[in-house]
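As a basis for the values below, the full set of heavy atoms in this structure was taken, side chains included, without hydrogen atoms, waters or symmetry mates.
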Amino acid sequence: MQTMKASPVEEQASVMEAIGITKLYPGTVALQNVDFSVYPGKVNVLIGENGAGKSTLMKILAGIERPTEGKVLLGGHEVHFQNTREASAHGVGIIHQELNLFPEMTVADNMFAGKEMVKLGVIDRRAQAKRASEVLDRLQPGIDPNETMLNLRVGQQQIVEIAKTMLSQNLRVLIMDEPTSSLSNTEVEVLFNLIEDLKAHGIAIIYISHRLEEIIRIGDNVTILRDGQRVADAQVKDINIKWIIENMVGHANLTIEKMPYDGEHLPLMQVKNYCLPRLGGGWTVDHVNFTLHAGEVLGIYGLMGAGRTELVESLMGLHEEATGEMVLGCEQITKPTITGQIARGMVLVPEDRQRDGLVQTMSIASNLLLTSIPRFTRTGVVRNDLCKVAVDGAVKDMQIKVSDVKHLISSLSGGNQQKVVIGKCVMANARVFMMDEPSRGIDVGAKTDIFILMRRFAAQGNGVIFVGSELKEIVSVCDRVLVMSNGKLTADLSGDEITEAALVKASAANLNTGKAANTEGSIEQ
């Protein structure tokens, strides 16, 4: 394997160091003798495939986990954080990949949870709201500190998660685990400006991301983990994306082959005049029409708030207020329900796998069986032998890296959790797979595995709807792409028409120019 030469990370005093860190779990070596240096005023990038040990190392630095062997130094002194509160008191903050918020509480109450501002023995919510507003305005003006978290979109919730860490007055090290995974392009730019500001004040950023272009753009130093071991260090200015991929997965060839479907491309699902009303008036999904064919991967692209997620959720039966018609197979449906759609062969891989796709208190095996238990039930009794055969087959088929399917689902990496969500759908014997941001927050290797699965489903005569916001992924994986903007379809592209420029143009289309979507999802001029 040929690789470009990269200079070692520059010599300077580190603010934080992990030395010889080993972490053992039952049946798993998560980290093995890992060294990691964090430099002040720099973006210290940590990357690797899902399961490489990144999140485990970050949990140790932030006081969430304790190492089996090794030590952590802060400012040259050994520290033993027992929890995140102790770490925060020493100036170490962490922004988790999966949102760590209370949905029924206000934005301000979430930001001050565990560190409330108290006056005369009572929480001073007015002072909390004022301080929260000051911090939020640095990130994204317009988020109301008194708004309930449940009413914010995912990108705004991520902004609040970031804002929580900005309350600390003595911040020295800020760990960012996939901070842009739910953000719009505009919100990403705001975050990058904030990172530059933090660097200027000497704060060290530990940055974990699977968006390799981001790493090249904002990173200073990079450390790569593979299978729990450190395999490479470099200065970002000396490397490129190919070098990163080669060190992460051992090769740079991640091309997605579009496996052919030899059967007839007959309609699997027809959607007619689908609408979802918006709270306060207007439409979140505005009279959408399209057809999904057998053997097709159909992309749905659009900016944040375009209505993509709401469309697939409505088709799955999650929004009772949605109207319109759907023909699935030969059956006409006007009021879909989740159980009814699953029985008809439709499944949805949700955008938020932690909240909507998995049950965190259940095992890997139980999560895989969620949609298919009736298949393994005889005279009212669940046949454990049949379940075991099905689960073992799904683990092998999905290439899920797991030591024991009896372990909790939370023991898996993000990419492997996503494979469990997809495996659960496959076990339902589905014909229509709807996947909402299936590659969010997972590494380049796991993404490739999932895209290959999507193409395989299509090659078997199924239909796949892929909701995505990464242009390169949409272009390389899909046979046809529908573009949404403000709830409407603005383009129906196929073949050579699918280009990044065409997608961007259609996603920003002015929908008041007289263009309207026709019954097949294309645009009438």
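- Rounding to the nearest 0.5 angstrom, the gap separating the CG atom in Leu31 from the NZ atom in Lys54 is 10.5 Å.
- Here the side chains of Asn367 and Val359 are in contact, with some heavy-atom distance below 4.5 Å.
- Few gaps surround CZ on Arg456; more than 12 heavy atoms of other groups in view lie less than 6.0 Å from it.
- Using a 4.0 Å cut-off between charged nitrogen and carboxylate oxygen, Asp479 and Arg455 count as a salt-bridge pair.
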Carefully, step by step, assess Glu104 and Leu150 under the rule side-chain contact (heavy atoms from CB on, under 4.5 Å). CA-CA 6 Å; Glu104 303 294 342; Leu150 199 61; 3.8 Å; yes
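- Side chain to side chain, Thr22 and Asn33 fail the donor-acceptor criterion of an N or O pair below 3.5 Å.
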Run the side-chain hydrogen bond (donor to acceptor under 3.5 Å, both in side chains) test on Glu78 and His80 for me, step by step, so that the C-alpha distance in whole Å, both residues' side-chain angles and the decisive distance to 0.1 Å come before the verdict. CA-CA 7 Å; Glu78 188 170 352; His80 301 274; 3.2 Å; yes
Pair Asn83, Glu86 - check side-chain contact (heavy atoms from CB on, under 4.5 Å), show working. CA-CA 6 Å; Asn83 49 52; Glu86 282 190 19; 3.6 Å; yes
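- Side-chain contact between Met111 and Leu136 is present, with heavy atoms from C-beta onward closer than 4.5 Å.
- The CD1 atom of Ile215 sits 12.5 Å away from atom CG of Asn240, with the distance rounded to the nearest 0.5 Å.
- Side-chain contact check for Met362 versus Ile409: every heavy-atom pair is 4.5 Å or farther apart.
- Gly219 and Val45 make their closest contact through CA-CG2, 3.8 Å (heavy atoms, listed as atom of the first residue, atom of the second, distance).
- Salt-bridge formation is detected for the pair Asp392/Lys388: a Lys NZ or Arg NE/NH1/NH2 atom is positioned less than 4.0 Å from an Asp or Glu carboxylate oxygen.
- In this structure the side chain of Thr371 never reaches within 4.5 angstrom of the side chain of Val347, judged on heavy atoms.
- Taking a 6.0 Å sphere around CZ of Arg66, one finds it holds more than 12 heavy atoms contributed by other residues, nucleotides or ligands.
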I'd like to know whether Met398 forms a side-chain contact (heavy atoms from CB on, under 4.5 Å) with Leu368, so could you lay out the CA-CA distance, the side-chain angles of the two residues, the decisive distance to 0.1 Å, and finally the verdict. CA-CA 11 Å; Met398 296 290 112; Leu368 279 166; 5.8 Å; no
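- Residue Val467 forms a side-chain contact (heavy atoms from CB on, under 4.5 Å) with just one option from Met435, Glu351, Arg308, and that option is Arg308.
- Nearest heavy-atom pair across Pro145 and Thr106 is O-CB, 3.7 Å.
- In this structure the side chain of Phe36 never reaches within 4.5 angstrom of the side chain of Leu225, judged on heavy atoms.
- In this structure, Lys401 contributes its side chain and Gly415 its backbone to no donor-acceptor pair below 3.5 Å.
- To the nearest 0.5 angstrom, Leu194 atom CG is 8.0 Å from Leu174 atom CG.
- Note: Ser366 OG to Lys406 NZ = 11.0 Å, rounded to the nearest 0.5 Å.
- Note: Phe466 and Phe451 have tilted aromatic rings, judged against thresholds of 30 and 60 degrees for the angle between ring planes.
- Rounding to the nearest 0.5 Å places CG of Asn221 at 11.0 Å from OG of Ser14.
- Taking 4.5 Å as the limit, some side-chain heavy atom of Arg125 sits within range of a side-chain heavy atom of Asp109.
- Salt-bridge annotation for Glu196 and Lys199: present, with a side-chain N of the basic residue lying under 4.0 Å from a carboxylate O of the acidic one.
- Between the Arg85 side chain and the Gly114 main chain, a donor and an acceptor come within less than 3.5 Å of each other.
- Taking both residues in full, the closest heavy atoms of Pro40 and Val15 are given as CD-N, 3.9 Å, listed atom of the first, atom of the second, then distance.
- Annotation: side chain of Phe433 is not in contact with side chain of Leu453 (no heavy-atom distance under 4.5 Å).
- A distance of 6.5 Å separates CD1 in Ile239 from CD1 in Ile224, rounded to the nearest 0.5 Å.
- Of all heavy-atom pairs between Gln128 and Glu116, the closest is OE1-CA, 3.3 Å.
- Thr84 places a side-chain heavy atom less than 4.5 Å from the side chain of Ile64.
- Distance alone, capped at 3.5 Å, is enough to place a donor-acceptor pair between the Asp35 side chain and the Gly20 backbone.
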